[in-house]
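In what follows, chains are A, B, ... by sequence order, proteins preceding strands, each numbered from 1. The model shown is predicted, which means the values in this text are computed figures rather than measured ones.
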Amino acid sequence: MLDIRLLREQPDVVKATLAKAGVEASAVDAVLVFDEKRRGVLAEVERLKALRNTVSKEISTLKDADVRNTKIAEMRVVGDQISTLDKQVAELEAAQQAALLDLRNLPHESVPVGADEEGNVVLQTIGTPRQFDFAPRPHWELGESLDIIDFERGVKVSGSRFYILKGKGARLQRALIQWLLDLHGNQGYHEVYTPFVVKEQCMWGARQLPKFRDNLYHDAEEDLWLVPTAEVPVTNLHRDEILDATQLPINYCAYTPCFRREKMSAGRDVRGIKRGHQFDKVEMYKFVHPDTSYAELEKLRQDAEESCRLLGIPYRTKVLCTGDMGFASTKTYDIELWAPGQDEWLEVSSCSNVESFQARSTNIRFRPEPTAKPEFVHTLNGSGLGIPRTMIAIMENYQNADGSITVPEVLRSYMGGLEVIK
RNA sequence: GGAGAGAUGGCGGAGUGGUCGAUCGCGCUCGUCUUGAAAACGAGAGAACUAACGUUCCGAGGGUUCGAAUCCCUCUCUCUCCUCCA
């Protein structure tokens, strides 16, 4: 969430910045109105509490029973007033909080302004798409003919948007996960294995709730939520902690499956494994000093790009415009792999700086100096590649005329030396 | 799933109705001493909101009371033993 003080002190700046992402100024005013009312009532109730505290201490020393009883009666009235006002404060605070949680993060000044994905800017395109001397096939055809992806049985077992990986296909996925974790480990990310279900509080902290409720799977009985990305448990690793400044930046990488209901994408990308309800992903995550977060964003992006480069597949990097960026992000790079069979660029990584947006709602801080007051850290997240889309790109770029698939060099040692899936 | 115990500051651990935001120990920071370090000695230090006064925070939420870390209720979590299990 945003800093309420920033809204109070520079409302015009906040409004102007949010306007670039299509947010109405009234959304900011709503927060401020509640805030002002709340602070008014708070001042009054605190004055009464101060009075009660003083008189209560006095009462303990009073010997005269009459005076004592008079004071007690007075304080009983004060106590009633306090509880009434306390309730008002709580209500106003909840309303203010709800309005504040509704505000997205402020786009960074370097982000291009735009209404939707049309406004995104391609920064670079690396590698040359391979020239085929045959018509490249889409991965779903290759997967079925090689019998490494089984769509029908996936649907039989779990419904639409589920599939079964078989044999070399399952192994290719496992190889990718392992290779990526090793690669990120060498890049300085500390590997963690987290639960795949989390408490509701974690979803709020990572700002999945309240906005993305419709996209999440939820176990009502245990009040646990299936993670839509490793970003959720990893963000919450350090919830309510004051981190040691000398340890920053803290870099993590984590493999998890990701579960998404995809309600918003009904009918989109229904073929193949591009958009399933369950997919695997390796995620990179950084807790950093605020001064360094934009430099860290560049490193994060380069680390993600390196995996694309090592796979030997053409990729391009885009900076997302204000209208297409995620809710929590101040600046986002998308990295896309070329998929010749589907004839499209596939988003395999999204690298974002969220500054203190998540740190504030999860209360993750550090001390700039040993005796200084704690400040919020900045956090960044980036996919160390979404696995199914990377698989698509591998299958379609490395396919051969006979329908076999050459295993990229870097993955062979993870597949027992296998060179071709046929 | 059954039985019991517990949750207090970075850690350990006191505190059962009124200067308790909290004794004490360890750890930490600074200083004295020392060539340097250790030891010893001295000093300091929780968090949130607030311009400030002040208010709030002893797992969470509610209640009793003039006043709650302390009494009552609910919940969550942790530990021990048993049961079960990959």
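Distance, A:K87 NZ to B:G62 C1': 10 Å, rounded to whole Å. One interatomic measurement links the two molecules: CD of A:E93 to P of B:G61, which rounds to 11 Å at whole-angstrom precision. In this structure, A:L224 atom CG and B:U76 atom P are separated by 13 Å, rounded to whole Å. Computed from coordinates, the A:I364 CD1 to B:A48 C1' distance equals 17 Å when rounded to whole Å. Separating the CE atom of A:M75 from the C1' atom of B:G67 is a distance of 11 Å, rounded to the nearest angstrom. Note: CD1 (A:I82) to P (B:U64) measures 14 Å, nearest angstrom. Between the CZ atom of A:R360 and the C1' atom of B:A47 there is a distance of 17 Å, given to the nearest Å. Regarding A:D3, its CG atom lies at a distance of 9 Å from the P atom of B:C49, rounded to whole Å.
Nucleotides B:A69 and B:G18 are separated by 11 Å at their P atoms, to the nearest Å. Atom name C1', nucleotides B:A14 and B:G31: the rounded distance is 30 Å, in whole Å. B:G54 and B:G15 are spaced 27 Å apart, taking the C1' atom of each and rounding to whole Å. Only the C1' atoms considered, B:A22 is 15 Å distant from B:G17, to the nearest whole Å. As rounded to the nearest Å, B:U23 and B:U34 have C1' atoms that lie 34 Å from one another. With both ends at atom C1', the span from B:U8 to B:C53 equals 29 Å, rounded to whole Å. Across B:A48 and B:G2, the matching C1' atoms stand 42 Å from one another, rounded to whole Å. Nucleotides B:C79 and B:G67, compared at atom C1', are 35 Å apart to the nearest Å.
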Grab the N/O contacts between the protein and nucleotides 51-57 of chain B below 3.5 Å, and write none if there aren't any.
| from | atom 1 | to | atom 2 | distance (Å) |
| --- | --- | --- | --- | --- |
| B:G54 | N2 | A:E46 | OE1 | 3.3 |
| B:U55 | OP1 | A:N53 | ND2 | 3.1 |
| B:U56 | OP2 | A:N53 | ND2 | 3.3 |

Atom pairs, protein N/O to nucleotides 72-75 of chain B N/O, distance under 3.5 Å:
none

List the atom pairs, donor and acceptor, that lie under 3.5 Å between side-chain atoms in residues 88-103 of chain A and the rest of the protein, sequence neighbours left out.
| from | atom 1 | to | atom 2 | distance (Å) |
| --- | --- | --- | --- | --- |
| A:Q96 | OE1 | A:R38 | NE | 2.8 |

If you look only at distance, which donor and acceptor atoms sit under 3.5 Å apart when one is on a side chain in residues 49-58 of chain A and the other is two or more places apart or in another chain?
| from | atom 1 | to | atom 2 | distance (Å) |
| --- | --- | --- | --- | --- |
| A:K49 | NZ | A:D86 | OD1 | 3.3 |
| A:K49 | NZ | A:D86 | OD2 | 3.4 |
| A:N53 | ND2 | A:K49 | O | 3.4 |
| A:T54 | OG1 | A:A50 | O | 2.6 |
| A:S56 | OG | A:R52 | O | 2.9 |

Counting only pairs under 3.5 Å, give me each side-chain donor-acceptor contact of residues 166-179 of chain A, with atom names and distances, residues two or more places apart or in other chains.
| from | atom 1 | to | atom 2 | distance (Å) |
| --- | --- | --- | --- | --- |
| A:K166 | NZ | A:D147 | OD1 | 3.1 |
| A:K166 | NZ | A:D150 | OD2 | 3.2 |
| A:Q173 | NE2 | A:D280 | OD2 | 3.2 |

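B:U78: Watson-Crick or G-U partner is B:A5, with both key distances under 3.5 Å. Using Watson-Crick or G-U wobble geometry with both donor-acceptor distances under 3.5 Å, B:U65 finds no partner in any strand shown. The partner of B:U29 is B:A43, judged by Watson-Crick or G-U wobble contacts that both fall below 3.5 Å.
Between A:H277 and A:F259, the ring center distance fails the sub-6.0 Å criterion.
Residues forming a ring pair (Phe, Tyr, Trp, His ring centres under 6.0 Å) with A:H238 (at least two apart in sequence, or on another chain): A:Y252, A:F287. With sequence neighbours left out, the side-chain hydrogen bond (donor to acceptor under 3.5 Å, both in side chains) criterion links A:Y398 to no other residue.
Ranked by how close their nearest RNA chain B nucleotide is to the 5' end, A:K71 and A:L42 are led by A:L42.
A side-chain hydrogen bond (donor to acceptor under 3.5 Å, both in side chains) check over residues 354-365 of chain A, counting only residues at least two apart or in different chains, returns the pairs A:E231-A:Q358, A:D240-A:N363, A:Y285-A:Q358, A:Y294-A:E355, A:S356-A:R360, A:Q358-A:T379, A:N363-A:R365. Within the structure, salt bridge (charged side-chain N to carboxylate O under 4.0 Å, His left out) pairs that include any residue of residues 5-15 of chain A comprise A:D3-A:R5, A:R8-A:D35, A:K15-A:D29 (at least two apart or interchain).
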* **Verdict with reasoning, A:E283 to A:K281, per salt bridge (charged side-chain N to carboxylate O under 4.0 Å, His left out)** => CA-CA 6 Å; A:E283 183 79 2; A:K281 182 157 63 68; 2.6 Å; yes
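Across all strands, A:R365 comes closer than 4.0 Å only to sugar-phosphate atoms, never to a base (heavy-atom distances).
Contact check for A:L2 versus A:N105: side-chain heavy atoms found under the 4.5 Å cut-off. Side-chain atoms of A:N120 and A:V319, non-hydrogen and from C-beta on, never get closer than 4.5 Å to each other.
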